[in-house]
2 protein chains.
Amino acid sequence: MPTLEFFYDFVSPYSYLASTRIEAEAARVGATVRYRPFLLGGVFNATGNRAPIDTAAKAAHLATDLGRWARRLGVPFAWPAKFPISTVLAMRTAFAAERARKLVPFTDAMFRAYWAQGRDISDPAVVQDVGNGLGLDGAALVAEAGNHKEALKAQTQEAVDRGSYGAPTFFVGPEMFIGNDRLDFALEALASAGKS
Amino acid sequence: MPTLEFFYDFVSPYSYLASTRIEAEAARVGATVRYRPFLLGGVFNATGNRAPIDTAAKAAHLATDLGRWARRLGVPFAWPAKFPISTVLAMRTAFAAERARKLVPFTDAMFRAYWAQGRDISDPAVVQDVGNGLGLDGAALVAEAGNHKEALKAQTQEAVDRGSYGAPTFFVGPEMFIGNDRLDFALEALASAGKS
């Protein structure tokens with residue numbers, strides 16, 4: 001079965017948009033999704049790329065563009081009170097959730113917490129609460145995050161080494177696709193891979 | 001009849017991609033296209049935004065992404081030998097072509113010359129030849145370009161003042177859409193405008 005690799009960071013609103021439909025869309029073309037949390041700030045540092053909000057005119061247009069996408073996809077979207085935030089703890093905790101075999105629901109819940117509910121997911125208490133909501137021991141999950149520093153670094157570096165410069169980044173085998181607005185191209189590649 | 005404003009620069013490959021279908025797509029939703037040549041370099045200078053090729057990882061991926069789009073749209077695409085180039089003369093000449101009521105065919109021919117045929121459209125002889133090919137006096141057209149310095153500056157500044165930071169930029173009334181990959185959103189807005 002072909003695999004769609006999904007590199008994402010909770011701070012990236014376009015990653016959130018992709019996350020809301022990636023499982024269903026991949027299933028439609030007979031593919032599975034491999035969730036690969038990474039640190040977008042690390043990607044920017046490594047590549048010299050910049051966040052949209054670092055260019056004033058882009059920043060001014062960002063919420064408009066995101067709002068259009070959210071309406072099209074029929075998903076909730078609200079600009080969080082705190083943006084950007086550090087997602088270092090949150091992304092490390094994703095690795096802890098992966099060990100607990102809860103990476104997908106944790107990812108969905110964290111994206112929703114930040115991009116639909118506006119919660120401050122840089123706060124360990126919020127991350128803990130999200131974990132509790134999934135039936136995990138949230139405090140233990142957050143405590144374990146520190147064990148995954150190197151894993152997060154390595155996954156980020158892998159994405160950079162393979163050519164990533166932003167989020168979300170998708171791979172279908174060696175083929176890279178960057179941006180929520182390129183998910184359809186990745187799905188086409190998966191559909192072709194499934195046929196061959 | 002609703003109008004789709006189309007700000008573009010011949011140096012922008014995503015503007016080329018949009019140009020190949022904008023007339024047909026606008027007609028489909030009962031709208032007309034207003035062609036508005038501008039200078040992308042001027043937009044970058046004014047906004048601090050950068051071209052994709054100014055970030056190495058983006059530059060490395062650019063031809064792949066463009067090739068996918070060209071295949072999807074079924075249009076010819078070849079990376080030009082000379083890129084980037086100055087399009088100051090070419091964009092000024094577009095204003096001369098507009099006075100001759102040939103802006104649309106001139107735009108199509110210039111995009112094709114650069115992005116399908118790889119011709120160096122920074123060369124006045126090439127611009128002249130493109131003009132001749134449209135049944136115009138190419139030499140006179142290029143000579144007239146110098147009269148449109150201020151018009152090109154003003155049109156560029158207008159786009160910046162309205163929020164543009166890249167190319168292509170579309171407007172449907174006050175609503176702005178940036179990127180070939182946002183043309184479908186602009187078309188949806190036009191379709192809604194046509195109904196109201």
Side-chain angles (χ1 to χ4, degrees), chain A residues 7 14 17 40 42-73 156-157 159-167 169-189 191-192, chain B residues 7 14 17 40 42-73 156-157 159-167 169-189 191-192:
Chain A
F7 286 85
Y14 291 105
L17 290 172
L40 183 56
V43 175
F44 287 155
N45 284 341
T47 61
N49 196 15
R50 300 184 300 199
I53 57 148
D54 290 340
T55 302
K58 278 191 177 183
H61 186 59
L62 190 57
T64 300
D65 187 59
L66 290 162
R68 286 172 184 154
W69 273 103
R71 277 192 297 281
R72 171 181 287 184
L73 300 175
T156 303
Q157 188 60 46
V160 168
D161 290 344
R162 293 168 75 184
S164 175
Y165 52 79
T169 293
F170 311 103
F171 287 95
V172 177
E175 286 187 90
M176 182 177 71
F177 306 83
I178 299 190
N180 168 65
D181 50 20
R182 297 299 188 271
L183 178 55
D184 54 344
F185 281 100
L187 292 164
E188 284 172 20
S192 300
Chain B
F7 285 85
Y14 292 104
L17 290 171
L40 183 55
V43 174
F44 287 154
N45 285 341
T47 60
N49 196 15
R50 301 183 302 198
I53 57 150
D54 290 339
T55 303
K58 278 192 178 185
H61 186 60
L62 190 58
T64 300
D65 187 60
L66 290 163
R68 285 172 184 154
W69 272 103
R71 277 192 297 282
R72 170 181 287 184
L73 301 175
T156 303
Q157 188 60 46
V160 169
D161 290 345
R162 293 168 73 184
S164 174
Y165 53 80
T169 293
F170 310 102
F171 287 95
V172 177
E175 285 187 272
M176 183 176 72
F177 306 84
I178 299 191
N180 168 65
D181 51 19
R182 297 299 189 271
L183 177 54
D184 54 344
F185 281 100
L187 292 164
E188 283 170 21
S192 301

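Hydrogens, waters and symmetry mates play no part in the numbers below; they use all other heavy atoms, side chains included. Just so we're on the same page: letters track the sequence lines, and every chain starts at 1. Source: prediction; values computed, not measured.
- Listed by first and then second residue, the side chain to side chain donor-acceptor pair (under 3.5 Å) pairs that reach into residues 172-182 of chain A are A:R21-A:N180, A:D181-B:R182, A:R182-B:D65, A:R182-B:D181, sequence neighbours excluded.
- Interface remark: of the candidates B:I178, B:N49, B:V160, B:N49 forms the most heavy-atom pairs closer than 4.5 Å to chain A.
- Contacts from residues 53-60 of chain B to chain A, taken as heavy-atom pairs separated by less than 4.5 Å, involve B:T55, B:A57, B:K58 in sequence order.
- In terms of heavy-atom pairs under 4.5 angstrom with chain B, the leader among A:R72, A:H61, A:E188 is A:R72.
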